[in-house]
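Down below is the structure, laid out as structure tokens.
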Amino acid sequence: MAQEDVAAAAANGATTAVEKSVTFTAYKPQLIVEAQKVGDAVAFYKAVFDAVETGRSLYPKRKADQELPHLVSSELELAGTTVVVSDVSVNSGSDAKTGIMPAILETDDVEAAVAKAVAAGAVKVEEEDVSEVGVKGKVTDPFGFTWIFVAPAKKSEKEGNKEV
């Protein structure tokens, strides 16, 4: 409740629940891919971004004995952040469509990052040199996600000598 709502409720004699402070310990972006494509997506992100798989969830074994469980979600360490890759299903925690969240990855070699992604199956969208923000490259991976690679612009000598 907003502070004003709590004050108004108290003024009217209503009892209010004490709000408890909530602390968030992590932010984990979730990439939603087509059903049964999580394994392919994880392999792609490992090959292209050197992601490290730190956890996984499997669907239980199917009724038919010959059907093996398949990967429903995986946690990857990517550039110091945990990213969850899940398939679009009732168990994924989302009814969102696949491939809708762009991500920005900072790197010293944008061209190599774009080339590596394209070689693994991504489609190059654009690449340009933007003096204000540095070099930028953009690809869309085989699962519909857009990845933007940036290298920070180098500070000029004037900027380095500015007084604050």
Side-chain angles (χ1 to χ4, degrees), residues 1-2 17 19-155:
M1 270 189 204
E19 289 186 39
K20 183 178 177 185
S21 176
V22 176
T23 303
F24 295 99
T25 58
Y27 169 70
K28 296 180 180 181
Q30 183 180 28
L31 304 177
I32 308 290
V33 299
E34 283 181 53
Q36 299 188 21
K37 295 287 186 181
V38 174
D40 296 339
V42 168
F44 178 87
Y45 300 135
K46 284 177 163 182
V48 174
F49 304 134
D50 295 326
V52 175
E53 188 173 20
T54 59
R56 58 179 26 213
S57 297
L58 299 173
Y59 275 125
K61 204 171 190 181
R62 304 296 175 120
K63 290 181 183 177
D65 289 334
Q66 62 271 38
E67 288 189 47
L68 298 175
H70 70 272
L71 188 60
V72 64
S73 71
S74 176
E75 286 195 5
L76 301 175
E77 282 294 320
L78 175 60
T81 299
T82 299
V83 177
V84 179
V85 181
S86 303
D87 81 11
V88 62
S89 69
V90 293
N91 297 325
S92 70
S94 173
D95 60 357
K97 293 184 178 185
T98 62
I100 58 171
M101 185 184 90
I104 298 172
L105 292 174
E106 189 172 299
T107 179
D108 291 332
D109 194 344
V110 170
E111 290 151 4
V114 169
K116 189 174 182 182
V118 169
V123 176
K124 184 175 173 180
V125 178
E126 67 180 61
E127 188 175 290
E128 56 191 48
D129 186 1
V130 182
S131 59
E132 295 294 317
V133 296
V135 177
K136 180 173 83 174
K138 189 186 293 186
V139 298
T140 299
D141 71 24
F143 310 98
F145 294 99
T146 299
W147 296 87
I148 301 166
F149 303 110
V150 297
K154 293 185 172 118
K155 291 183 179 181

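Numbers here simply count residues along the sequence, with the first being 1.
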query: Looking at residues at least two apart in the chain, or sitting in another chain, which of them share a side-chain hydrogen bond (donor to acceptor under 3.5 Å, both in side chains) with Thr82?
result: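 Residues passing side-chain hydrogen bond (donor to acceptor under 3.5 Å, both in side chains) with Thr82: Glu77.
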Of all the heavy-atom pairs spanning [X] and [Y], show the shortest one and how long it is.
{"X": "Arg56", "Y": "Leu71", "answer": "CB-CD1, 3.5 Å"}
{"X": "Val150", "Y": "Lys136", "answer": "CG1-CG, 4.2 Å"}
{"X": "Glu34", "Y": "Val88", "answer": "CA-CG1, 4.2 Å"}
{"X": "Val38", "Y": "Ser86", "answer": "CG2-C, 3.6 Å"}
{"X": "Thr107", "Y": "Ala151", "answer": "O-CB, 3.1 Å"}
{"X": "Pro142", "Y": "Gly121", "answer": "CG-O, 3.6 Å"}

Salt bridge (Lys or Arg N to Asp or Glu O under 4.0 Å) against Asp109, all qualifying residues, sequence neighbours excluded: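 Salt bridge (Lys or Arg N to Asp or Glu O under 4.0 Å) check on Asp109 returns nothing, list empty.
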Between [atom1] on residue [X] and [atom2] on residue [Y], distance to nearest 0.5 Å:
{"X": "Tyr45", "Y": "Leu76", "atom1": "OH", "atom2": "CG", "answer": "9.0 Å"}
{"X": "Leu31", "Y": "Asp87", "atom1": "CG", "atom2": "CG", "answer": "12.5 Å"}
{"X": "Leu105", "Y": "Ile148", "atom1": "CG", "atom2": "CD1", "answer": "9.5 Å"}

field: Partner residues of Val118 under the side-chain contact (heavy atoms from CB on, under 4.5 Å) criterion, sequence neighbours left out
entry: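 With sequence neighbours excluded, Val118 shows a side-chain contact (heavy atoms from CB on, under 4.5 Å) to Val114, Lys124, Val139, given in chain and number order.
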message: Once you measure the plane-to-plane angle for Phe44 and Phe49, does it fall in the parallel (<30°), tilted (30-60°) or perpendicular (>60°) bin?
response: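 Perpendicular, since the angle between the ring planes exceeds 60°.
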query: According to the salt bridge (Lys or Arg N to Asp or Glu O under 4.0 Å) rule, which pairs have a member within residues 36-46, sequence neighbours left out?
result: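 Counting only pairs at least two positions apart or across chains, the salt bridge (Lys or Arg N to Asp or Glu O under 4.0 Å) contacts touching residues 36-46 are Lys46-Glu53.
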